[in-house]
Visitor: 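For reference, the structure I am asking about is given below.
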Amino acid sequence: MPAKLKLGMNLGFAINKYVEPEVWSRLVAEEMGVRNVQLVADLLNVFLPDDYVLRQVERINASTQRYGLNVTSTFTSAFTRVNHFMHPDAETRRIWLEWFKKFAKASVALGAKSTGSHFGILTFTDFDDVKRREFVIEEALKLWKELSWYCRDLGMDYLTFEPMSIPREMANTVEDTKELLERLNDGAGLPFKVCLDVGHAPHPDDRDPYRWVRELGRVSPIIHIQQTELNHSRHWPFTEEYNALGIIHGEKLLEAIEQSGAEEAELVFELSHREAWSTEFRIVQDHKESVDYWRQFVKD
């Protein structure tokens, strides 16, 4: 049977632009025409006071319910792209574990069935020392697994990690991603899965984004989609202008998903508009055109 597909919206586009839940909920539902959202930590950073976080969860729930949105997952984002579980300092790693537990608890309160992030980021000092590198990786594995048992008790279904851009950020090739996934699932409380990004094919020997989907789509229930050029991660919208330049096309992506053996997947728009006159005022329109393009292929 063909994979069951749905469209989702990563709320990274709203950071510092549309931070009010009432605003981004209306934009996603009424302007962009999407019902599923991936909420990002930069819109609900649980380092903030607990009572504030609770009030924000209630506010977000009220807004998403009003506009018929589903928070299907949560994820870290631009300002939380830090070392976290691979920080060289053990105390800092434990602090981030508590942060992820709070974020998972808030995520469940919003209705999310999974949460995720990059696996962690090594410093140059730790990466360049082979013994130290493996030690920090092992420490990160322990923390992720501890988190997985906590998330199981919360009622989550699975956790995800995203293949990143350089070796220090982990999962830099298809084979490295498979190996890391296997290590994570050894003794985990919940299944670990992958959050693919069609623009994250960074290794010089592994640049074909469709190979990543064919090889890992079966274990990637969430796929970040963006228009991009070969050898880059542009996070362009799927407009006529950028579709003429880019390498990500609906027919080819759906074919790769089918070839992967995936049963279902949420294709989540992760588009970026830098603070510039050329893009600042096109955010909503570019998202709308991107959704219109993908509605040719995904009807939910």
Side-chain angles (χ1 to χ4, degrees), residues 8-30 32 34-87 89-121 140 142-162 189-190 195 222 268 270 283:
M9 188 69 65
N10 178 282
L11 293 180
F13 82 88
I15 296 170
N16 82 28
K17 303 176 180 73
Y18 304 108
V19 300
E20 309 92 336
E22 300 82 5
V23 174
W24 58 252
S25 292
R26 185 192 65 79
L27 289 176
V28 171
E30 295 187 349
M32 301 173 186
V34 173
R35 295 295 173 183
N36 306 301
V37 296
Q38 182 178 66
L39 186 130
V40 296
D42 299 347
L43 291 177
L44 185 66
N45 197 321
V46 294
F47 271 143
L48 295 168
D50 291 346
D51 57 343
Y52 172 83
V53 171
L54 179 60
R55 290 194 300 273
Q56 289 301 303
V57 166
E58 293 172 348
R59 183 178 174 187
I60 292 170
N61 277 335
S63 299
T64 54
Q65 290 168 16
R66 177 182 179 184
Y67 291 101
L69 296 181
N70 305 306
V71 178
T72 54
S73 65
T74 62
F75 219 76
T76 53
S77 191
F79 303 133
T80 38
R81 184 174 174 171
V82 295
N83 306 91
H84 62 66
F85 287 164
M86 299 181 80
H87 194 282
D89 180 66
E91 183 178 6
T92 302
R93 295 196 293 269
R94 296 300 301 186
I95 290 171
W96 275 103
L97 176 62
E98 294 308 309
W99 182 93
F100 272 103
K101 286 180 177 179
K102 289 183 179 180
F103 189 52
K105 187 176 181 180
S107 300
V108 169
L110 294 169
K113 287 298 185 180
S114 74
T115 190
S117 178
H118 55 287
F119 179 80
I121 303 174
K142 292 175 185 176
L143 293 174
W144 273 114
K145 291 176 188 180
E146 182 176 340
L147 177 65
S148 75
W149 288 97
Y150 180 82
C151 290
R152 188 196 70 165
D153 292 342
L154 289 175
M156 282 192 170
D157 291 340
Y158 60 89
L159 298 178
T160 59
F161 72 92
E162 186 173 20
L190 280 178
C195 176
I222 301 169
V268 176
E270 192 179 46
I283 295 172

Visitor: Using a 6.0 Å cut-off, check whether atom NZ of Lys102 has over 12 heavy atoms from anything other than its own residue.
Guide: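 Counting other residues, nucleotides and ligands, NZ of Lys102 stays at 12 neighbours or fewer.
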Visitor: Look at the side chain of Asn36 and the backbone N and O of Asn70, then say whether any donor-acceptor pair between them is shorter than 3.5 Å.
Guide: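 Not at all, since once roles are kept as given, no pair shorter than 3.5 Å links the two residues.
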Visitor: Side chain to side chain donor-acceptor pair (under 3.5 Å), that's the test. Do Ser117 and Thr76 meet it? Break it down for me.
Guide: CA-CA 5 Å; Ser117 178; Thr76 53; 2.9 Å; yes
Visitor: Between Ser73 and Ile222, what is the shortest heavy-atom contact and its length?
Guide: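 Shortest heavy-atom separation between Ser73 and Ile222 comes out as OG-CD1, 3.6 Å.
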Visitor: By ring pair (Phe, Tyr, Trp, His ring centres under 6.0 Å), which residues pair with Trp24, not counting sequence neighbours?
Guide: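 By the ring pair (Phe, Tyr, Trp, His ring centres under 6.0 Å) rule, Trp24 matches no residue at all.
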Visitor: Are the side chain of Thr64 and the backbone of Asn61 linked by a donor-acceptor contact shorter than 3.5 Å?
Guide: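 A pair under 3.5 Å: yes.
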Visitor: When rounded to the nearest 0.5 angstrom, what distance separates SG in Cys151 from CD in Glu146?
Guide: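 Here the interatomic distance stands at 11.0 Å.
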Visitor: Show every salt bridge (Lys or Arg N to Asp or Glu O under 4.0 Å) that has at least one partner inside residues 62-80, sequence neighbours left out.
Guide: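 Salt bridge (Lys or Arg N to Asp or Glu O under 4.0 Å) check on residues 62-80 returns no pairs.
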Visitor: Please report, to 0.1 Å, the donor-acceptor pairs under 3.5 Å made by any side chain of residues 106-115, with sequence neighbours excluded.
Guide:
from	atom 1	to	atom 2	distance (Å)
Ser107	OG	Thr74	OG1	2.7
Ser107	OG	Phe103	O	2.6
Thr115	OG1	Thr74	OG1	2.7

Visitor: About how many Å separate CE of Met156 and NZ of Lys105, when rounded to the nearest 0.5 Å?
Guide: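 Output value for this atom pair is 12.5 Å.
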Visitor: List in chain and number order the residues that pass ring pair (Phe, Tyr, Trp, His ring centres under 6.0 Å) with Phe100, two or more places apart in sequence or in another chain; answer none if no residue qualifies.
Guide: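 Checked Phe100 against ring pair (Phe, Tyr, Trp, His ring centres under 6.0 Å); matches are His84, Phe85, Trp144.
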Visitor: Does His87 reach the main-chain N or O of Asp89 with its side chain, forming a donor-acceptor pair under 3.5 Å?
Guide: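 Looks like yes, one N/O pair under 3.5 Å.
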Visitor: Do Asp42 and Thr80 make a side-chain contact, defined as non-hydrogen atoms from C-beta onward lying under 4.5 Å apart?
Guide: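 Counting from C-beta outward, Asp42 and Thr80 do come under 4.5 Å.
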Visitor: Is a side-chain donor or acceptor of Arg152 paired with a backbone partner of Leu190 at a separation under 3.5 angstrom?
Guide: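 Such a contact is absent between Arg152 side chain and Leu190 backbone.
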Visitor: How many angstroms lie between CG in Leu154 and CG in Leu147, if you round to the nearest 0.5 Å?
Guide: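 If I round to the nearest 0.5 Å, the distance is 9.0 Å.
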Visitor: With the side chain counted from C-beta on, respond yes when Glu91 and Ile95 share a heavy-atom pair under 4.5 Å apart, and no when they do not.
Guide: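 SC-SC contact between Glu91 and Ile95 confirmed.
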Visitor: Please collect all salt bridge (Lys or Arg N to Asp or Glu O under 4.0 Å) contacts where either partner lies in residues 71-85, sequence neighbours excluded, each pair once.
Guide: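 Residue pairs passing salt bridge (Lys or Arg N to Asp or Glu O under 4.0 Å), neighbours aside: Arg81-Glu169.
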Visitor: Which is it for Asn10 and Gln38 under the side chain to side chain contact (heavy atoms under 4.5 Å, CB included) test, yes or no, and what are the steps along the way?
Guide: CA-CA 5 Å; Asn10 178 282; Gln38 182 178 66; 2.8 Å; yes
Visitor: Tell me whether Arg59 is salt-bridged to Glu20, with the criterion being a basic N under 4.0 Å from an acidic carboxylate O.
Guide: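 Salt bridge flag = no for Glu20 with Arg59.
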Visitor: May I ask you to test the Met86-Trp96 pair for a side-chain heavy-atom distance under 4.5 Å?
Guide: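 When only atoms from C-beta onward are counted, Trp96 and Met86 do not touch, as no gap falls below 4.5 Å.
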Visitor: Quick one: side chain to side chain donor-acceptor pair (under 3.5 Å) pairs with a partner in residues 45-57, sequence neighbours left out?
Guide: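 Output for this query lists Asn45-Trp99.
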Visitor: Taking all heavy atoms of Ala29 and all of Arg35, pick out the closest pair and write down the distance.
Guide: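 Nearest heavy atoms, Ala29 then Arg35: CB-NH1, 3.5 Å.
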Visitor: List the atom of Lys17, the atom of Phe13, and the distance in Å for their closest heavy-atom pair.
Guide: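 Heavy-atom minimum between the residues: CD-O, 3.5 Å.
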Visitor: Measure the CG-CG distance between Leu11 and Leu43 for me, rounded to the nearest 0.5 Å.
Guide: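 One gets 6.0 Å once the value is rounded to the nearest 0.5 Å.
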Visitor: Would you please test Phe75 and Cys195 for side chain to side chain contact (heavy atoms under 4.5 Å, CB included) and show each step?
Guide: CA-CA 10 Å; Phe75 219 76; Cys195 176; 4.0 Å; yes
Visitor: With a 4.5 Å limit on heavy-atom distance, are the side chains of Ile283 and Tyr18 in contact?
Guide: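 Heavy-atom side-chain distance check passes, below 4.5 Å.
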Visitor: Quick one: do His118 and Phe161 satisfy side chain to side chain contact (heavy atoms under 4.5 Å, CB included)? Show the steps, please.
Guide: CA-CA 5 Å; His118 55 287; Phe161 72 92; over 6 Å; no
Visitor: Measuring from atom OG of Ser77 to atom CD of Glu270, what distance do you get when rounded to the nearest 0.5 angstrom?
Guide: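 If we round to the nearest 0.5 Å, Ser77:OG and Glu270:CD are 7.0 Å apart.
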Visitor: Does the side chain of Ile60 come within less than 4.5 Å of Leu39's, by heavy atoms?
Guide: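 The answer is yes; the side chains approach within 4.5 Å.
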Visitor: If you measure from OG on Ser25 to CD on Gln65, what distance do you get to the nearest 0.5 Å?
Guide: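 Nearest 0.5 Å value for the OG-CD distance: 10.0 Å.
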